Structure formats: structure tokens, C-alpha cells
Amino acid sequence: MTFFLQTFGGLKLVDSEGRQVAYPEKGLLLLAYLLTIREGAEHRAAMAAFLWGDEDNAVSLVNMRKMISRIKLRQDELGAQLLSFSSNMIHVERLAVSSDMVWVADEDEADPLRQLRNLATLMHRSFLGPVGCQSRDFYGWFAEQKDRQNTLLKALLKRVSRVARSDEDAEILKDAGILLIGAERADPDTLQLLVEVFNAEEEVDQLRKILEKRSNALARGADLVNATANRDARQTAASAQAHPSLVSISEQRPHVEPDDMRRHAVPRLVLLPPSDHIGRPDSRFIANALIEDITIGFCAFNSLQVIAHHSAVQIGHQLEDQADFFQRHALNYILDSRISNQTSEGTLFVQLVFFPDNEVVWAERFSLSQPDLVAARRVIARNIALSVSSEIERHEATRLYRELNPAAYHSYLVGRRHLNRLTLPDLRRARKEMKTALHASTDFAPALSSIARTYSKEWLLTARGDIELLKSAEGFAVRAIDARRNMADGYRELGVAKLLQGAFDESAEAMELAETLGPHYADIIADHADTLVHCSLPGKALQKIERAIELNPLSPDSYLWTAAGANYALSQFETSLDYIGRMADPSLADRLSAANWAILDQKDKARVFVRRVREANPNFDLETWLAAVPSKEQWHRDLYRDGLKRAGF
């Protein structure tokens, strides 16, 4: 009997009648590896390192001997020898097993379009799926196989593009072209090929601009990190020329974004928090953090606008107002989820709904057990992306966490839950969980950037001016950038740390880079706006914060506070008070309220807020506070001082 090894859509062995056959997972990985090398054989020691890593060779070889015994026993039960073993070597019997891994174009194929269609169908599925293998050799081989898939896809696309005629042919070409965009990025040959495939120069030109913008941002990010590591060099004239301030950049490139013209054509999505009708708080916390993490990931897409998690949580609890909210904010897609108790750890049922027609376009159930979390994130993100976008970024969601250790991801999700609560105990719990994640995966960028955030938030909460906290925040932010330069969070945390240290230009540049990499990430846009306020650029800050509020319409108080500060700096005092009035806890902005009312010559109202500030902080000193709050320009500090002095401070 001949068996077939399926590698796309999950790793499994099936018999000649298409039925899945039980076989050790590590044995399936051996089959996959050996089928991709010309000799079809490899040394036992090399395969042990491939399956278990090379840190403890003796343990890996013991594991290999045990696994070989299990494979031999299972092959005896099947009456088939798929793998054979000598004292030093492992061989695959190619006559006994075939696979869907075909990385060479068949030049004699009479219908290359069929081969392209079949390959594209395969590549829309996850290659291998979640497997219990974390070794360096495995990841290197995995990346090599993805490169070989992409090379074959490009070769077939070139060949078929010369002969395709019908509308059906064109759709196959476009589908394959989208896959190729996600794989090859801004390769000039690929883009030229796509011009021919899509017959739409303007679409490819827009893509080219997006990719070039990101590429330039990453290059500038590398420069910024190097400058941070060498502060003396940053003071030289050469460095000043290489790193112009945000003011000069902004003046050269006025804020007239094509996004404003395209915005309503871009699909809009909200990912609602999971509902829990069975009372499983632990599962609810993990599931909610999982959905929030996916939301943040989608904020990097230019082809998709995502309602921020804060607003999604708010509307998730207001069932009677949901339909009105969805219509008012022109939402196209709703991701709805709920927790059930079908397994001991709990499961998460997820469905994506096209709101205008109330059509369920995709639904799936996922385990919330620790080993399954990474796979759940990947599949949920991939299916949402495939349903709502046809641009490059939709395919990035399938790969973002493919190398992630499941234990690290679990600790990260637990830490995010604590990070959302701004108390010192929660910040320190979050830091502990993030460090646990790093113990399992040392270069896990989201955990590194989250640790940076705990230090900067602790600096703000303790208000002791502890510079070591900010240096720690800066250090972890730089590590996050080094680990994954195309993620926005590291630049964001570097920008916050720099701002609190008074390095205004470096903070603004880091925030601009973060927003380039996360163009729809509301929290990053809001932090960028806050930075611009402190850089004494309130007009630009107001544009940013209004954009953040658009993406996160049920905004947290920090957004409204930033908007109020920007309006105060623009002498729009009544508008500033309006924003403060919309805050859930307006007492956070009592000093700003007092200054606004005082300049509006409403001294009685101003004194109410002065009294509240002194009750909350009897030791408040105006000059000490002004020295601690970073403001780049003297006129900006003087405006605060004038308003607060008039109020009675």
C-alpha cells in the first residue's frame, strides 16, 4: 500500500483511500524532511538535533532511540516500511510514501495553469500547522521550504501569465499573485510581473509606495537604535544631518495623507471580546487577551481598519447598542466569539460576520489549552485576513508567530491582562509574566516591548523621577526593535521612554516610525499625538489624536486628555474643557481644567479644581510640577504657568 504525507493544512499521513493513519508526529516530521532532500537519507545525530535541538546531544539521541522503536512498532502494525533505520542512518522509502511537497515545476506539464491553481490552493493553507518542534535546525529547514514554495509559485506565475486567456484564468493568476506579494515584498521583478497579472498599474504603484515607506522606516529605525546606543555620536554634525528633527521633516512633508481619500474604501473590522456564559474566568482572561493581541496585529495593515480593543470591549458589553454602533462607524466585519466547556481547558468559538448582509463568512472552534494558543491565533488571524482583504498584509498574519514557543505566548497573554490595569502590583505582575515568556523565547519582541512599557508606566505612577526606570524602559525597547524591526511596539516604547527623559526629537522620530509600521494602531497614534503635544506641536497633535479617536471611538481617558492638552496649547480653552467633560474620570485632568477656567476668567470654577488638586496632593508645587512635565518650547511652559497661576496655584 502507498501512503500520502499531507503537509499543507496540518501534518498527517493518509492511506490510499484518503483515511488518516495514526503515526508518531516526530516520524511525520522525519518523513517530511527526508522527502525534501535528494538522497532521502540523513545521519541519526543530525535528525536528533533537527527534532530536539542540539543543546544536549545525549538526551536527543536517547529520545531518538525511543522514537525509532515506536515507529518500527507502528510500521509493523501497518505492514509498511516508510522509514528504515541502520546503525547510523535513517532512510525514507520513496516507493512507499509520496507527499504534496513538489517544489519543481514540471516543464512537460500540458496544463501549467492547473499546476499553479493546485499550488495556490495548497499555499492558502498553513504549511505543517502546529507541530511540537522548536529546534533551530527545524526553523531553518521550515524557512527553506517556504522559499522553495515561493520560487515555484513565481516560476509558474510567469509561465502561466503568458498564456492565460479567460476570466477564470485571470482569477487564478490574481490569487497566486496575492500570495506572491506576501512572500516577496518589494522585489522589482515581482512587482513588474504583478503589473502584468493585475493589469492595474495604479494598484501595484500604491503597493510599491506602501512597501517603500515601510522599508525607509525600517532603515531610519536602525539609525535611531544605533544613535541611542551611542549618545556622543548623536551630538555630531554628521548625526544631525542624518537624523533631521521631526519639525523639519513635518515642514518638508505637510500632513496631507492619501489615507484620508482612501479611508472609506478600506474594510473596517471590530473584534468583540469573547462572551462567557459558562463562568470560566481563567479561560475568559486568556481568550480576551488572545483577541486583543490579534486586534493589535491587524493594526499594522494598510488594507484594513480595525476598531481598537478598548472600544470593542465597551460595545461588547452593550448588546442593545451594537447594531447602531456598527452602522454609525461603517463597520463591514464583526468578529464574534464565545467560550464553551467542550474540553477541560475550555474552547473558543469564533465567527466572522459580514455585517451589511448578516452573513457568517467563516467560523471555527479552538482549544484554549496552552500548546494550542499559537495555532489558534494564526488561524483566526489568517481567516479574517483572507475574508476582508486582498492586499499583501493579509498573508502576514499567517506567519507572525510561526516561530513562537507556545509557553512563551501563554505567559505573554497572561501578562497583557495585568498590563491593562495601571496599578503598581499589576505592572509588576505583568513584568514577571513577560520575563517568564522571555525565558522560553529570548527574542520574543512583544514581551520585550511590554516590559519596556511596565517600566515607563511605573515611572509615571511612582512620580519619583527614577531615571533607572526610564533607562530600563529604553533598553528593553531597543531589544524589542532588534528582535523584530518591522513591529511598531518597540519604536513606540522607545518614543515614550525618550519623551519622559526630555529627548523630544528622538521621541517624535521613534513615534513617527511606530505609526508608519502600525498605520491603524489607535494606541500608537494616540501616543504619537501625546509626544507632539510635549514637542509643542499642538496642531499636528490634534490631527493625530482625532485620527486615534476615529479608530477607537469609545476612547479611553488618555486620548481625551491628550486632545484637551492640544486644544489648551492652541488657546481653544472651551474645546479643551469639552474633551475633559467626556472623560470617564475627569479628575485626572483637574490641573488642566483649573487653567482653562482661569484663562476664561471663570475664577470660581477654577478654584473648585484647585481645591480638588490640593486635597489629592497637599504637597503640590507648581514650579516642581512644571519642571517634571516635559515641554519643548518655553512658550508652552509659560502658557501652563500662566493658566495655573491665574487659577490660584
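Remember, predicted model here, so these are calculated numbers, not experimental data. The basis for the numbers below is simple: all heavy atoms, side chains too, and nothing from hydrogens, waters or symmetry mates.
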Where [X] and [Y] come nearest, the two heavy atoms and their spacing:
X    : Y    : answer
L269 : I334 : CD1-N, 4.4 Å
V21  : V14  : CG2-C, 4.2 Å
K26  : W52  : CE-NE1, 3.8 Å
L61  : A45  : CD2-CA, 4.0 Å
A488 : I524 : CB-CD1, 3.3 Å
L34  : H91  : CD1-C, 4.1 Å

Less than 4.5 Å apart, side chain to side chain, heavy atoms only: is that true for [X] and [Y]?
X    : Y    : value
L35  : S99  : yes
L119 : L156 : yes
L28  : L5   : yes
M64  : I90  : yes
M47  : H43  : no
F138 : L51  : no

Query raised in the report: How far apart are the C-alpha atoms of Q115 and N118, what are their side-chain angles, what is the distance that settles it, and do they pass the side chain to side chain contact (heavy atoms under 4.5 Å, CB included) test?
Result: CA-CA 5 Å; Q115 192 177 2; N118 292 341; 5.7 Å; no
Non-neighbouring partners of [X] that pass side chain to side chain donor-acceptor pair (under 3.5 Å), sequence neighbours left out:
X    : value
D100 : T7
E17  : R19
R74  : E77
Q75  : Y23

Query raised in the report: Considering residues at least two apart in sequence or located in another chain, which fulfil the side chain to side chain contact (heavy atoms under 4.5 Å, CB included) criterion with T36?
Result: M101, W103, W141, Q145, R148
Requested in this report: With sequence neighbours excluded, tell me which residues meet side chain to side chain contact (heavy atoms under 4.5 Å, CB included) with S450.
Outcome: Y412, R416, L419, M434
Please round to the nearest 0.5 Å and tell me the distance separating atom [atom1] of [X] and atom [atom2] of [Y].
X    : Y    : atom1 : atom2 : answer
L29  : M67  : CG    : CE    : 9.0 Å
S449 : R479 : OG    : CZ    : 11.5 Å
F50  : S60  : CZ    : OG    : 13.0 Å
I307 : L272 : CD1   : CG    : 10.5 Å

Query raised in the report: Do any N or O atoms from the side chain of E512 and from the backbone of A514 form a donor-acceptor pair under 3.5 angstrom?
Result: no
Query raised in the report: Short question: side chain of S98, backbone of R94 - any donor-acceptor pair under 3.5 Å?
Result: no
**Report entry** Aromatic ring proximity, centroids under 6.0 angstrom, F127 and F142
**Finding:** yes
Query raised in the report: Passes side chain to side chain contact (heavy atoms under 4.5 Å, CB included), L438 versus L448? Steps please.
Result: CA-CA 8 Å; L438 292 181; L448 290 165; 3.6 Å; yes
Requested in this report: Start with the C-alpha gap between Y491 and I481, add the side-chain angles, then the distance that decides, and say whether side chain to side chain contact (heavy atoms under 4.5 Å, CB included) holds.
Outcome: CA-CA 7 Å; Y491 298 100; I481 294 168; 3.5 Å; yes
Report task. Could you give me the CA-CA distance, side-chain angles and deciding distance for Q20 and D15, then say whether side chain to side chain contact (heavy atoms under 4.5 Å, CB included) is met? Result -> CA-CA 7 Å; Q20 184 172 353; D15 61 20; over 6 Å; no
I'd like a table of donor-acceptor pairs (distance under 3.5 Å, sequence neighbours excluded) in which one partner is a side-chain atom from residues 78-89, with atom names and distances.
{"residue": "S84", "atom": "OG", "partner": "E93", "partner atom": "OE2", "Å": "2.9"}
{"residue": "S86", "atom": "OG", "partner": "M89", "partner atom": "N", "Å": "3.1"}
{"residue": "S86", "atom": "OG", "partner": "M89", "partner atom": "O", "Å": "3.4"}

